[in-house]
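Naming: A, B, ... by sequence-line order, numbering from 1 per chain. Note: hydrogens, waters and symmetry copies are ignored here, and every other heavy atom, side chains too, is used.
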Amino acid sequence: SQQGEEDPQALSIQEGENATMNCSYKTSINNLQWYRQNSGRGLVHLILIRSNEREKHSGRLRVTLDTSKKSSSLLITASRAADTASYFCATDAYKAAGNKLTFGGGTRVLVKP
Amino acid sequence: IAGITQAPTSQILAAGRRMTLRCTQDMRHNAMYWYRQDLGLGLRLIHYSNTAGTTGKGEVPDGYSVSRANTDDFPLTLASAVPSQTSVYFCASSPSGAGGEPQHFGDGTRLSIL
């Protein structure tokens, strides 16, 4: 079963525009991570936000977390063609041992030059 | 370049055959993971290992087995492949296996079972 559900499933924007995608999850979590996957490649870690954090920034990325709504958002500002990829959220369950992640189905982002 | 190496990159396999997917990391990470990725379903955890000599079951372990004889290698075996195991398989690692660590991924093995 999937813990995270992402919305939208696909997103097409012009270069320079912002891209926002959302992740909803079902059970309480310790942390939420966002990953990027370029076509035909493995996932690359982007950012981690802990359950006691509400917002985090990394370069052009901004992540928010609302534990009361069990949701997170990833904002990519001033998008570039190189940002074209699929983006996945992943959670690890509250009080669960280890680092076992549950992934959402992903958002496919196309940035048109 | 440090990272995870998976082999083969792709394979077509007849149903009923045995297949081992290889995964090697050179980062001296304690924890390693195997996921499968199917269209629209994201990644699902098959098996994991928090340290050499130990393994655990993930969300979808049936039909797969793993071993962890040393820190660097974490092979995944399909004892008797079935068409529903057609997927892209990713190996990943993290430093200690503690929660809240980013995972590092290989580029995957694309497996087709006919």
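Comparing Asn38(A), Val44(A), Leu101(A), Leu48(A) by how many heavy-atom pairs each has under 4.5 Å with chain B, the most go to Leu101(A).
Rounding to the nearest 0.5 Å places NZ of Lys57(B) at 13.5 Å from NZ of Lys100(A). One finds the CZ atom of Phe103(A) at 4.5 Å from the OH atom of Tyr35(B) (value rounded to the nearest 0.5 Å). Atom-to-atom distance recorded for Arg41(A):CZ and Phe105(B):CZ is 14.0 Å, nearest 0.5 angstrom.
Under a hydrophobic clustering in which Ile, Leu, Val, Met, Phe, Trp and Tyr are joined whenever their side-chain heavy atoms come within less than 4.5 Å, directly or via other members, Val88(B) and Tyr64(B) fall into different clusters. Phe90(B) and Leu76(B) fall into different hydrophobic clusters, where Ile, Leu, Val, Met, Phe, Trp and Tyr residues are linked whenever their side-chain heavy atoms come under 4.5 Å apart, directly or through other members. Placement of Tyr87(A) and Ile29(A) within a single hydrophobic cluster is found when ILVMFWY residues are connected by side-chain heavy-atom separations under 4.5 Å, directly or transitively. Cluster membership check: Tyr48(B) does not share its hydrophobic cluster with Tyr89(B), using side-chain heavy-atom separations under 4.5 Å among Ile, Leu, Val, Met, Phe, Trp and Tyr. Under the 4.5 Å side-chain heavy-atom criterion for ILVMFWY residues, a single connected hydrophobic cluster contains both Leu46(A) and Val111(A).
Heavy atoms from other residues, nucleotides or ligands lying under 6.0 Å from CZ of Arg17(B) number 12 at most.
In this structure, the portion of Arg50(A) lying under 4.5 Å from any heavy atom of chain B is its side chain and not its backbone. Neither the backbone nor the side chain of Gln9(A) comes within contact range of chain B, judged by heavy atoms closer than 4.5 Å. Contacts between Leu43(B) and chain A at a heavy-atom distance below 4.5 Å involve backbone atoms as well as side-chain atoms.
Residues Arg110(B) and Gly40(A) come closest through the heavy atom pair NH2-O, 2.9 Å.
Counting only heavy atoms from C-beta outward, the side chains of Gln33(A) and Gln103(B) never approach each other to under 4.5 Å.
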